[in-house]
Number of protein chains: 2
Amino acid sequence: MTAYSLDATDWRLLEALQRDGRASYAELARTVAMSPSAVTERVRRLEEAGVISGYSAVIDHERIGLPILALVRLRYPHGNYKPFHDLLAATPEVLEAHHVTGDDCFVMKVAARSMRHLEETTGRISGLGAVTTSIVYSSPLERRPLVL
Amino acid sequence: MTAYSLDATDWRLLEALQRDGRASYAELARTVAMSPSAVTERVRRLEEAGVISGYSAVIDHERIGLPILALVRLRYPHGNYKPFHDLLAATPEVLEAHHVTGDDCFVMKVAARSMRHLEETTGRISGLGAVTTSIVYSSPLERRPLVL
DNA sequence: CGGCCGACCGTAGATTCTGCGGTATGACAA
DNA sequence: TTGTCATACCGCAGAATCTACGGTCGGCCG
């Protein structure tokens, strides 16, 4: 909503911070050829404006015992979203949930440690409506940095 | 594939680093009640084992001129994936791409600056097969930290 | 012209990082 | 038991970085 005007330097900082969220201000300063204090101030402004909403370690779900990823679509029969929010709060297996147009009201990304676990999780979700589950074979593009 | 044994401290570090990927080792050390050097060594091992595959700034796509998010499913009629990979390489609007089971072979997350832009992008994708587009109204759960 | 404002720079003290050596604990074999 | 070894942790010192501050420069407006 709130527009924020980004110049070329801001874009380069955003790109650098998406590639390495732990880059030091000194390092960032070197890549954009400015002083560390100017870079610090720019990044602080981007954070304050909400352009950068945070920083996160990227975890390989396969290496922490959650080898199965699935996209679950939920046909939701009514407009009372409370049960759905309760489900989200109670189901850590759901990594993302999006309210979308189309026949299926919600699309979720789900991680599970086994097929049995996935079955149990989708079963829980299907208490709210008809589900369609697609299991992820592989992800040709797991995460692309957001650029103009 | 490569199993990595995580103890309670590792989990707490992973959780902390997913919540704040820029937390200093000194800060992490305080949250898990260990010395900074021990924490540094643990995090280094997690990175080396591939449990932590990187760090990234989380960008609010709405504030950088990409207010529209859509999930695009692609029905892909054959087993030659080269054209699809070429499309991914040439289409920065696609933020994620997953190869999945079910009628639609691929599911993509797409960001666009306008409906016209989305139309143009899905049009490009539909050169490869039939597409089904769902526009994201909102995301009740945008990103949940991966936990046990 | 004179003053103001925004963005940048440079500096100093505090904090953090990095690499190293030292220590405690537990496993294992003689 | 005793010795040895490996692992994980701690603490330290020098280097690098961070943070907060004041100073400078160029553009803009009264």
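Naming: A, B, ... by sequence-line order, numbering from 1 per chain. These numbers were taken from a predicted model, which means no experiment stands behind them.
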Query - Sub-4.0 Å heavy-atom contacts from residues 12-27 of chain B onto DNA chain C, ordered by number - result: B:S24, B:Y25, B:A26
Report summary line: A correct 5'-to-3' footprint of nucleotides 8-13 of chain D, with B, S and - meaning base, sugar-phosphate only and no protein heavy atom under 4.0 Å, is SSBB--
Query raised in the report: Between the main-chain N or O of A:V58 and the side-chain N or O of B:S53, is there a donor-acceptor pair closer than 3.5 Å?
Result: yes
Report task. Would you confirm whether A:Q18, through its side chain, and A:L146, through its main-chain N or O, come within 3.5 Å as a donor-acceptor pair? Result -> yes
Query - Residues that B:T121 engages under side chain to side chain contact (heavy atoms under 4.5 Å, CB included), provided they are two or more places apart - result: B:T91, B:E93, B:V110, B:H117, B:I125
Report summary line: Hits for side chain to side chain contact (heavy atoms under 4.5 Å, CB included) against B:E119, two or more places apart or cross-chain, chain-then-number order -> none
Requested in this report: Assess B:R22 against A:Y55: is NZ or CZ under 6.0 Å from the centre of the six-membered ring, and within 45 degrees of the ring's axis?
Outcome: yes
Pair [X] + [Y], salt bridge at N-O below 4.0 Å:
| X | Y | value |
| --- | --- | --- |
| A:R44 | A:E41 | yes |
| B:D7 | B:R12 | no |
| A:R116 | A:E120 | no |

Requested in this report: In whole angstrom, give the distance that lies between atom CZ of A:R44 and atom P of D:dC21.
Outcome: 12 Å
**Report entry** salt bridge (charged side-chain N to carboxylate O under 4.0 Å, His left out) against B:E15, all qualifying residues, sequence neighbours excluded
**Finding:** B:R19
Requested in this report: Would you please classify the geometry between the B:F84 ring and the B:F106 ring as parallel, tilted or perpendicular, with 30° and 60° separating the classes?
Outcome: parallel
Query raised in the report: Hey, where on DNA chain C does chain A first and last touch, going 5' to 3'? Cut-off is any atom under 4.0 Å from a heavy atom.
Result: C:dA7 to C:dG10
